[in-house]
Amino acid sequence: MMELCACGSALAYAECCRPIIKGERAAETAEALMRARYAAYVNVETDFIFESTHPKHREGYDAEGTREWAEKSEWLGLEIVSTKDGGKDDATGEVEFIARWKEQGQDRVHHERALFKKEKQGWLFTDGKAVTRQPVVRTAPKIGRNDPCSCGSGMKYKKCCGK
């Protein structure tokens, strides 16, 4: 039976991210590297996480802690929200993604804009910026139920458009 790739591509792992993780071929795009990095966590191939990080951004990497975390987590899925640049002919790229997993019985979500740089050896992860949900800010004044309706009917809002 074919094992689907954890990256969500609907392709077989052996044809999708495994060759990138094992160094058999380079990721052609920043998104392909992002998908391979997620699949590396799922398959506890954490050496790839270190190797696919730009050398200038490796300081403080905890190999043992990363491996232990990957092993103990139940990986639930990767969603690519958007990509900016990061194509075959680009030098930089950005991939916004949402990763989901379960850790110690708790559902976890990580939403990030990951930055990538293309070097001679291929795409490398450089940095990530967490994406936080912005609160909804009302720009128009709130219409009360007894205020005149904003449609211009002359009726109270509750008797007109507020029904």
Side-chain angles (χ1 to χ4, degrees), residues 1-140:
M1 186 172 142
M2 176 181 75
E3 177 191 1
L4 288 180
C5 192
C7 80
S9 67
L11 298 172
Y13 176 62
E15 304 297 317
C16 188
C17 290
R18 186 184 182 284
I20 296 169
I21 292 168
K22 295 296 186 182
E24 297 164 8
R25 76 167 190 260
E28 292 185 4
T29 64
E31 181 180 331
L33 182 62
M34 179 65 244
R35 289 180 177 280
R37 286 172 61 87
Y38 179 82
Y41 281 114
V42 174
N43 292 285
V44 194
E45 296 276 2
T46 53
D47 289 345
F48 177 76
I49 301 301
F50 180 78
E51 294 160 7
S52 63
T53 300
H54 194 283
K56 292 181 180 176
H57 297 270
R58 291 178 179 170
E59 187 175 325
Y61 180 79
D62 177 5
E64 187 176 318
T66 301
R67 177 174 295 285
E68 185 177 310
W69 176 68
E71 287 172 344
K72 290 183 177 180
S73 297
E74 178 187 344
W75 298 94
L76 304 175
L78 174 69
E79 175 188 343
I80 302 296
V81 176
S82 66
T83 59
K84 181 180 174 189
D85 301 325
K88 293 177 186 178
D89 299 324
D90 294 319
T92 61
E94 179 181 295
V95 179
E96 182 177 343
F97 70 93
I98 299 171
R100 291 181 173 79
W101 73 98
K102 193 171 281 208
E103 184 178 2
Q104 296 177 347
Q106 296 287 323
D107 287 342
R108 305 284 186 199
V109 177
H110 180 71
H111 189 173
E112 179 180 301
R113 280 191 190 91
L115 306 176
F116 297 87
K117 186 174 183 181
K118 193 172 186 182
E119 302 266 317
K120 285 178 273 181
Q121 66 271 35
W123 285 102
L124 294 168
F125 170 77
T126 58
D127 200 7
K129 295 183 169 98
V131 176
T132 55
R133 296 174 80 182
Q134 299 296 321
V136 176
V137 178
R138 183 183 306 275
T139 57

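All values reported here derive from a predicted model rather than from experimental measurement.
Side-chain N or O atoms of Thr29 include one that pairs as donor or acceptor with a backbone N or O of Ala32 at under 3.5 Å. The backbone N or O of Gly65 lies less than 3.5 Å from a partner atom in the side chain of Asp62, making a donor-acceptor pair.
For the pair Glu96 and Ile80, the minimum side-chain heavy-atom distance is 4.5 Å or more. Under the 4.5 Å side-chain criterion, counting only non-hydrogen atoms from C-beta, Val95 is in contact with Phe116. Annotation: side chain of Ile49 is not in contact with side chain of Phe125 (no heavy-atom distance under 4.5 Å). For the pair Val44/Arg67, a side-chain contact is recorded, criterion being any heavy-atom separation below 4.5 Å from C-beta on. Residues Arg35 and Leu33 have side chains not in contact (no heavy-atom distance under 4.5 Å, counting atoms from C-beta outward). The closest side-chain heavy-atom distance from Thr83 to Phe97 is not below 4.5 Å. Using a 4.5 Å cut-off on side-chain heavy atoms (C-beta onward), Glu74 and Glu103 make no contact.
Between Trp69 and Trp101, the ring planes are perpendicular. Angles over 60° get that label, and only those under 30° would be called parallel.
Atoms CG and CG, on Leu4 and Leu11 in that order, are 8.5 Å from each other to the nearest 0.5 Å. With rounding to the nearest 0.5 angstrom, the OH atom of Tyr38 is 11.0 Å from the SG atom of Cys17. In this structure, CG on Leu76 lies 6.5 Å from NZ on Lys102, to the nearest 0.5 angstrom. Glu94 contributes atom CD, which lies 10.0 Å from atom OG1 of Thr126 (distance to the nearest 0.5 angstrom). Atom CG in Leu78 sits 11.0 Å away from atom NE2 in His110 (nearest 0.5 Å). Distance OG1/Thr92 to NZ/Lys117: 9.5 Å, rounded to 0.5 Å.
Judged by the 6.0 Å distance and 45° axis criteria, Arg58 is positioned over the aromatic ring of Phe50.
A salt bridge is defined here as a Lys NZ or Arg NE, NH1 or NH2 lying under 4.0 Å from an Asp or Glu carboxylate O, and Glu45 with Arg18 fails to meet this definition.
Taking all atoms of both residues into account, the shortest heavy-atom contact from Trp123 to Gly93 is CZ3-N, 3.8 Å.
Glu28 CD: 12 or fewer foreign heavy atoms inside a 6.0 Å radius.
For the residue pair Thr53 and Arg37, a side-chain donor N or O sits within less than 3.5 Å of a side-chain acceptor on the partner.
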